[in-house]
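Scroll down for the structure; my scribbles are underneath it.
Everything numeric here is computed off the predicted structure, so don't read it as measured data. The sequence lines fix the lettering, A, B, ..., with proteins before strands; numbering per chain opens at 1.
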Amino acid sequence: MHSFQQQAGFPILTVMTFLPTLGALVMLALMRGRPQLYKSTALVTAGATFFLSLAMVLKFDQSSADFQFIEKVSWIERLGASYHMGVDGISVLLILLTTLLSLVIVPASWNYIKDRELTFFASFLFLETGMLGTFCARDLLLFYVFWEIMLIPMYFIIGVWGGPRRIYAALKFFLFTMAGSVLMLVAIVGIAYLARPDRYAAPVFDLDQLQKAVFSFPVQVAAFLAFFIAFAIKVPMWPVHTWLPDAHVEAPTAGSVILAGVLLKMGGYGIIRFCIPLFPDAAAAAVPYILILSIIAIIYGAMVSLVQKDLKKLVAYSSVSHMGFVTGGIFAFNVIGLSGAVLVMFSHGLLTGALFLLVGFMYERLHTREISLMGGLASPFPVLAAFLLFFTLASLGLPGLSGFIGEFLSLLGLFSYNKAMAVVAASGIILAAAYLLWMYLRVMFTGTRDEEWFKLSDLNLREIASLAPLAVLAVWVGVYPSTFLNIINPSVNKLVTQMAPYVAQHGGLLTHLFASRGGL
Amino acid sequence: MTPLQHYLALSVALFAIGAWGVMARRSIIVVVMSLELMLNAANIALVAFSNYSPGTPGRGEVFVFFVLAVAAAEVAIGLAIGIAMYRLRERLDVDELDELKG
Amino acid sequence: MTDYSTPLFYIVAAVVLIPAVLMVTFRNLIYSAAAMILCFIGVAMVFVTLNAELLAISQVLIYVGAISILIMFAIMLTRQRSGEIRLFFHRQAWLALPAALALAVTMAVVLSRASFSTTPGPRNPGTSDLSNLLFDQYAFPFELVSLVLLVAIVGAILLARRERRR
Amino acid sequence: MKAAVLLIPLLPLLSFAFTGLLGRRYLKERSHYVSVAAVGISWLLSMYVLVEVERGQTLSWQLYSWIAVGRFSVDIGFLVDQLTAVMLLVVSTVGFMVHVYSIGYMHGDKGYYRFFAYINLFMFSMFMLVLANNFLLLYVFWEAVGLCSYLLIAFWFPKRSAANAGMKAFLVNRVGDFGFSLGIMLIFITLGTLSYSGVFASASTLSGGMATAICLLLFTGAVGKSAQFPLHVWLPDAMEGPTPVSSLIHAATMVNAGVYMVARSNPLFAQSHTAMMVVAIIGTFTAIFAATIAMVQNDIKKVLAYSTISQLGYMFLALGVGAWTAAIFHLLAHGFFKGLLFLCSGSVIHALGGEQDMRKMGGLKRKTKITYWTFVIGALALSGFPGLSGFFSKDAVLTGAFAEGYWYFWIVALITVLLTAFYSFRLIFMTFHGEPRTDPKVFAHAHESPRVMTVPLILLAIPTVIGGLMLGIPPENGHIDRLLHHIFEAAIPAGEHVFGPLTLSLMIISALVGIAGILLAWHLYERCPWLPNAACKRAGRLYTLLLNKYYIDEIYAAVIINPLRGFCGWLWRFVDAGVIDGAVNGAGWLAMGAGRLLRPIQSGKVQGYLFSMFLGLLALMVAYLLFNI
């Protein structure tokens, strides 16, 4: 049993999750009006959380597949809900990503925010708590609580510090996610009650017991759909993605980085952690439909990005396209596909986070995100051009950088499930190269449009410092991915072996179904 | 003896006239007056029933007293409002007093 | 005694109904107020035919004496330029009459359909019976009504007071 | 040997990092020392490796396990055998010469350090591509090389045409790589491994259809990278980049990667005859197709670009008909003389201050002696003049095709020899002979390029002359055949080829055809220069068709690019903004609308309320009556 006592000596997960809140409260209470003080506190808090997560990763026992650093305290007796925190390979990787991005955005938005800076940093720290809690929660109710905690600060970040249409965007973001999570709440309560051993026992919210409970197929399908819709909105998958471009365009730089870097991973993580293990039959049955949706997402996202005029919208739609690989990889239900999906999540967080940082830096200088108003930025800002080139190439999947590994593995996983689907999905990499390079050409190359830009300063040390860790990690994942693969392998294998009987049983049914229609 | 139904018919007629007055007339005062009519109609019915029904006599009539009291209070308040309204708007037509519009 | 009650009832009914209709239709407020008084007297007569003398007298005292005068005062206080009294709503007037008639018809039908266990003739409750009921069984409502009246008085004074600029 | 193999790619990588990071502020015009030195050492090491391999020593060395996920395990490793050695020879020699040459050519350019940084990165990726020991690693550096070509084509990025050309090159390569990656996935799915040794050992287990599918997918990658017919459009535009880049990347090294990949996976191709035929057909068609366009081009570099496409067609023809060694021999020879030709054209452009249009050149013979003579040597080699390396390698290809019984390919190839000879000497006569057509001011101070540019020309001219004799004699089992025999033994068709009267007669025929081409060019452009214009006028539409490169670019734009862009625009406006957002905002509007609809009920008129109350009462009573609730 990997309880936190043996592994870390102190309840590392709880400390890590609630440290940012502590920092935020201290800042709010004592440091109003003293920018230098609260900015550095924010940096210190984010830094401390990052090092805690780093320590956790180092102490993480990569051989065992079950959950580690377990903390279990009964929370609401009568409801049977317990404060049960634990992490496995996949959550460790995503936690590392979250703390890194939260650390990186603090220096990046040092002078980006003009009004109410203190509450801006405080809301980010609250957001971080929500995110970390969601990744560590092993109890459905606790998970839902953190899921909602995460929503509120994000709403304010978009709503208060956003661009001109921020209210519409924030509201749309909130309502979309809310609709999904309310559905999920119904499902949570439903299965908690269904899973009770007998009529009078308390409902079961704890994931370990829930996984033992077996639900009938219709219940599984209903609950799976409820959970899946909530997570699909977060991913975002194709039909429910329209909130993402609006939210990104209006959100401040740091908001976009976290929104793209971490919040989108919630969807993928949720599917892996809840939809598949709890409702294996339904998951296996839903595979072809979800794969079709993810392929549409890949192609649709890429195509729409081709015609975007606003830089942030372009990157937002590219996120829709990249996340299509995630859902495609997950629902291929083999080790290669699933590890690919997790790696895409990790690398997409790094790359899109960096791209948004760069767009933010450009906005700070040119005060516009319209591609048509930019042109020839490479001459006045060579360092900015170099960084943007690096991250553009990484996100279009240039081999040797992190984007390629994840995408190739997910495609390979999809390929072994169904060749035709994989071929269509693979065409996504051509479209990705097209829209990203075309963006780079219109923004960086060709003649400099406006002479004053030469007077503006190139990236300063602070900005480079916020980009450097992301670049280093992007190269590390690209050149030596086994450090990250070893972390997630045990839990990926466990999930795939767990799903194998169901896929075999359902796989047959559905491929047969598809075959009869001369299908894929 | 005239059967109960006649009294009831009378009470219904009076009640209908009162209702008509309340709905049709524009001035508050006429509305209040028609309201009184309706109350009287009720009284007639009450007294008629109390007389024609078994049980301890006078049960209905007692109730009429209460109706009287309430009617008096009601008229007082109604007219007070009407006068206050008149002082504000110089006009007493009910259909122009619609500040509470939704 | 010969059976005068039925023709008497019709006369009394007429005394009640005709002024009521007039009241509603009169253009001038004073005339409609006068019609109302007549109608109240009619009602008092109905009480008499129902052997409820005490009620008849109280009816006359309260309605004819107090309330009508009150209404007269109100009419005086709100003297309007006589010219523009428009009798009815243009929009709703034509709807009100049929609605009232429909109401009357339905109530009549309902009442006729209903069956009451009725004793043959009108009974004659004396004043003592009334006072017994009023002061022991319904003592509490009696007190309550006094409270209602108190509130009404205070309210009326407050509302109708001429506003002093504070 | 192991250290040498590791150092060859490592040195350019380190010098890339060094020049790249320190170039802007510190090195500026001194940034070429480190990079040229690095490539020079790599060249020496490559020679050493070549000698070692000649002595029969090969190496297969696995550095570390790159990706290990379930059944899928790929590692970073080197494989050095005869084929790699030959490729190393070409890449390092031409690379070193181009580095030296660039010192002169790029002198004074603002992005001097950036040029050397990128070109070193290219050398690193090309070395790794050649040394890789599995398909995925090959794919990785396949794209890395594509990236360097993108960076170098768009080197002068303020120029819109250069930026567009760079993007076009990368995208067209990407289309090829799409097929290549699918091929790799298919290999893994069917054979379970991606390392060369593993794949080639179990190649025979592949079913016919699967083998064809894999080979064709791999071949799409080669078509993309080596600019064969459908995907050749990017190479002529790539001439926007500086000339040393065109010489190194777009003539000698990168474009040969496709040929190397097909040659390397010969056991796979041997399994499927149809795939071989497809390779041969596309190769032949591209050869003659590109040669016809090259005849009418007026830009000196465009002519050489189309000539490269055509010569690559030759190599694929050789691969397709099974003459594996001939293809590699031609690759080797072509690498040298085409690199030489490009560098000479660079020195011509340098002399005329950037002028590239041949119609504004002429009479440079007197002005640039060395460039002229090296150019002539290169052109002779290109057109297969007997004795030079081009002659032996092209002849090997032709005899290979004829001997295998594909006489129709042989005929088309022979016509192409004629066209090649014609356009190469048309180029010489227009540039060097006749009266100067440049404006006098420019022509006045046209001068021979500095020594740092002319020395590489001479050094490259030497192998062009003696290369053929060293490796090609006697044809069919010359030194190169013996060297590469071991590599291709799995794929070489049966039957012994001996140097008999047949091969001799074939050699004579191709030599005569070559010389005929030269004479034709001499007649048209030297003796009566007015003839070409008259011929063009009479040819009329055919001439314009060729001049506009068969309108391929316009066709692609009309068929693929514009409809795609239009569809995406519609997709975004209609589906995203219209349908989905419409539904979302619609729901919002619905709530608002319903509210607005119900608002008038609260009219504020007391009478209204009373009236509705009465109606309610009425309805209740009627209900009581009717249904006797």
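A cation-pi contact links Arg114(D) to Phe155(D), judged by a cut-off of 6.0 Å to the six-membered ring centre and 45° from its axis. Cation-pi contact between Arg573(D) and Trp570(D): absent, since separation from the ring centre below 6.0 Å together with deviation from the ring axis within 45° is not met.
Residue Asn493(A) does not touch chain D at all, counting heavy-atom pairs closer than 4.5 Å. Heavy atoms of Tyr139(D) lying under 4.5 Å from chain A belong to its backbone as well as its side chain. Contact annotation for Leu136(D): only side-chain heavy atoms (C-beta onward) come within less than 4.5 Å of a heavy atom of chain A. Contact of Leu147(D) with chain A is made through the side chain alone, with heavy-atom distances under 4.5 Å. Looking at Ser305(A), neither its backbone nor its side chain comes within 4.5 Å of chain D, counting heavy atoms on both sides. Looking at Leu175(A), there are no atoms closer than 4.5 Å to chain D (heavy atoms on both sides), in backbone or side chain. Using a 4.5 Å cut-off between heavy atoms, Ser65(D) touches chain A through its backbone atoms (N, CA, C, O) alone. Interface residue Ser379(A): backbone and side-chain heavy atoms are both found under 4.5 Å from chain D. Proximity to chain D (any heavy atom under 4.5 Å) is shown, for Val320(A), by neither the backbone nor the side chain. If you measure heavy-atom distances from Pro239(A) to chain D, the contacts under 4.5 Å come from the backbone alone. Proximity to chain D (any heavy atom under 4.5 Å) is shown, for Val479(A), by both the backbone and the side chain. For Ile336(A), the parts lying under 4.5 angstrom from a heavy atom of chain D are both the backbone and the side chain. Both the backbone and the side chain of Asn164(D) come within less than 4.5 Å of a heavy atom in chain A. Looking at Leu306(A), only its side chain comes within 4.5 Å of chain D, counting heavy atoms on both sides. Within the 4.5 angstrom heavy-atom criterion, atoms from both the backbone and the side chain of Leu437(A) approach chain D.
With no hydrogens or angles considered, no side-chain donor-acceptor pair links Asn173(D) and Trp142(D) at under 3.5 Å. Between the side chains of Lys313(A) and Tyr317(A), no donor N or O sits under 3.5 Å from an acceptor N or O. Looking only at atom types and distance, the side chain of Trp476(A) has a donor-acceptor partner in the side chain of Thr483(A) under 3.5 Å away.
The residue among Asp246(A), Ile429(A), Asn486(A) with the most heavy atom pairs within less than 4.5 Å of chain D is Ile429(A). Annotation: maximal heavy-atom pairing with chain A below 4.5 Å, among Arg160(D), Met185(D), Met167(D), occurs at Met185(D). For the set Leu441(A), Leu411(A), Leu485(A), Asn334(A), the count of heavy-atom pairs under 4.5 angstrom toward chain D peaks at Leu441(A). Per-residue heavy-atom pair counts under 4.5 Å with chain D were compared for Asn489(A), Val492(A), Leu398(A), and the maximum is reached by Leu398(A). Highest contact tally toward chain D, considering only Phe176(A), Trp438(A), Tyr480(A), Trp243(A), is held by Trp438(A) [criterion: heavy-atom pairs under 4.5 Å]. Ranked by heavy-atom pairs under 4.5 Å with chain D, the first of Leu396(A), Val240(A), Val496(A) is Leu396(A). Contacts with chain A were tallied for Val175(D), Leu186(D), Leu564(D); Leu186(D) has the most, counting heavy-atom pairs under 4.5 Å. The residue among Arg71(D), Lys110(D), Glu143(D) with the most heavy atom pairs within less than 4.5 Å of chain A is Glu143(D). Contact tally against chain D (heavy-atom pairs below 4.5 Å) for Phe408(A), Tyr168(A), Phe404(A), Phe445(A): the top residue is Phe445(A).
Side-chain atoms of Trp238(A) never come within 3.5 Å of backbone atoms of Gly301(A) as a donor-acceptor pair (strictly under, hydrogens ignored). At distances below 3.5 Å, at least one donor-acceptor pair connects side-chain atoms of Ser416(A) with backbone N or O atoms of Leu412(A).
Nearest heavy-atom pair across Pro481(A) and Ile67(D) is CG-CG1, 3.9 Å. Residues Phe173(A) and Ala247(A) approach most closely at CB-CB, 4.4 Å, considering heavy atoms.
Remark: Met178(A) CE to Leu171(A) CG distance equals 12.0 Å, nearest 0.5 Å.
Residues Trp572(D) and Val304(A) form a side-chain contact, since some pair of their non-hydrogen atoms from C-beta on lies under 4.5 Å apart. Put simply, the side chain of Tyr417(A) does not reach to within 4.5 Å of the side chain of Phe333(A), judged on heavy atoms.
Between Phe346(A) and Phe484(A), the ring-plane angle classifies as tilted under the 30° and 60° cut-offs.
Evaluated for a ring-ring contact (aromatic ring centres under 6.0 Å, His included) with Tyr150(D), the options Phe157(D), Trp234(D), Phe170(D) yield exactly one hit, Phe170(D).
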